[in-house]
Amino acid sequence: MLLIISFIIVFIVTFSLFHILFLQKLRYCNCEICNAYLTSSWRKDFVNLSDWYTHLLRRSPTSTIKVHVLNSVITANPSNVEHILKTHFHNYPKGKQFSVILGDLLGRGIFNSDGDTWRFQRKLASLELGSVSVRVFAHEIVRNEIETRLLPILTSFSDSPGSVLDLQDVFRRFSFDTISKLSFGFDPDCLRLPLPTSEFAVAFDTASTLSAKRALASFPLLWKLKRFFRIGSEKKLKESIDVINRLAGDLIKQRRLTGLVGNNDLISRFMAVVAEDDDEYLRDIVVSFLLAGRDTVAAGLTGFFWLLTRHPKVENRIQEELDRVMGTGFDSVTASCNEMRDMNYLHATLYESMRLFPPVQFDSKFALNDDVLADGTFVKRGTRVTYHAYAMGRMGRIWGPDCEEFKPERWLDNDSKFRPENPVKYPVFQAGARVCVGKEMAIMEMKSIAVAIIRRFETRVACPESTDMLRFAPGLTATVSGGLPVLIQERT
């Protein structure tokens, strides 16, 4: 009885604080943007928050807006992106505010740190991910996952006409298997029939989603109160992180017992340079790699295949390129690294799909000191400054009047060779000092999967009328609500 009374009191206090803060926010700023955000009235015209932001940024003469109730500046201006990520990088760290939001999940990992901690991890990651031995090891893991798990599952669904497969779920399972093997030397075995539930994967999903909701909260005090009292979503977040910590801790202890010699996984390499008694730091480093290597690859591939099902001519041209590079027939469905280097059109198609559907739709920093962005926007100290990659891919000022069209050719030169764009115009992999160190490995995995599926299978959306546009769930990466249900048919 006492517990029930305590809960009621906590609920009343929390609700009262929320109500007071809501009214204060409305009184503080009742501009069109803030009012629409607080009342969610933008949902009347837009399915996704990212599409509403795109609309506002297009409407702005500088491609920059302010959301006062979030103490946030949001931009889709390449000059501002260069200002934030390059020329004034020192003034835009992740910041303590961001560390608090993601600290429970990512700890002191590379995506949640600044200063010497960040520099140490970045240097370490660059050395390891850039080494030939790790790249060969990663390619072997991906090739083995394709041949022993991905292809058998796709064949199984192809042999059962009418069976619907969630391709997004398949990609998430695939990338979770591969990044777990690369990071921990641990095989969660997610991608096998009957597609079992992994405690680790479920905990990771829950923790990522609930951490992202913290970042989107208009009233941070609310989630902090819930965390303090361990109720609601914060209780679920704590339980999920406990699962991650337990499994990560067990794997680190096991690796210490078996020894580091002869192991190519990242945890073994990091353990060789990190203090022996700092297992928590090791956990933070590797969990960050799990987040980056799993969710971003799956998100990128989901958008890629959704676009291919709507543009068969693009898929046909990719098939022609695969036949030219790898030879005709199905004798080989996994490409070597040398073969993938010659797949310029496939490379262009992946970049074009991520222009429209970036795996990470936006990224935020916090201003260390007062500043003025390149477009003249004043930024007060402590303001969250966000560059919106999703909106940037849809800006006519950046990509021309055909910005909403899916055209891989825009990435090719006159000789049909891939032509990269300035990263401040295309910040899908960030830019400047924080440019993604795992970029080449992620592209290798995405191309390998794309080659295997396109070469051997035809895919089409199971319910085209219900997937006329992608609807995204809240999260740190672009996860499609309802997944990507497809019908699979083996090519003859």
Can you tell if the side chain of L49 reaches within under 4.5 Å of the side chain of F472, non-hydrogen atoms only?
-> no
| query | Heavy-atom distance under 4.5 Å between the side chains of L150 and I453, does that happen here? | reply | yes
Review point. With side chains defined as the heavy atoms from C-beta onward, is the minimum distance between I244 and R283 less than 4.5 Å?
Key: yes
What I'd like to find out is whether the side chain of D295 reaches to under 4.5 Å of the side chain of T479, using heavy atoms alone. no
Item to complete: Go through the side-chain N and O atoms of D375 and T377 and say whether any donor and acceptor fall under 3.5 Å apart.
Response: yes
Item to complete: Please determine, by modelled atom types, if N48 and Y53 share a side-chain donor-acceptor pair under 3.5 angstrom.
Response: no
From CA spacing to verdict: salt bridge (charged side-chain N to carboxylate O under 4.0 Å, His left out), R58, E404
CA-CA 13 Å; R58 281 174 173 167; E404 294 197 77; 3.2 Å; yes
From the list R491, R455, R460, salt bridge (Lys or Arg N to Asp or Glu O under 4.0 Å) with E315 holds only for R491
Worksheet item: F200 and F176: aromatic ring centres closer than 6.0 Å?
Response: yes
Task: Close aromatic pair by centroid cut-off 6.0 Å: Y426 and Y351 - done: yes
Would you please test T64 and N80 for side-chain hydrogen bond (donor to acceptor under 3.5 Å, both in side chains) and show each step?
CA-CA 9 Å; T64 302; N80 288 342; 3.0 Å; yes
For residues 340-353, the salt bridge (charged side-chain N to carboxylate O under 4.0 Å, His left out) pairs (sequence neighbours left out) are E352-R355, E352-R410
Determine whether R135 and M444 make a side-chain contact, defined as any pair of heavy atoms from C-beta on separated by less than 4.5 Å.
no
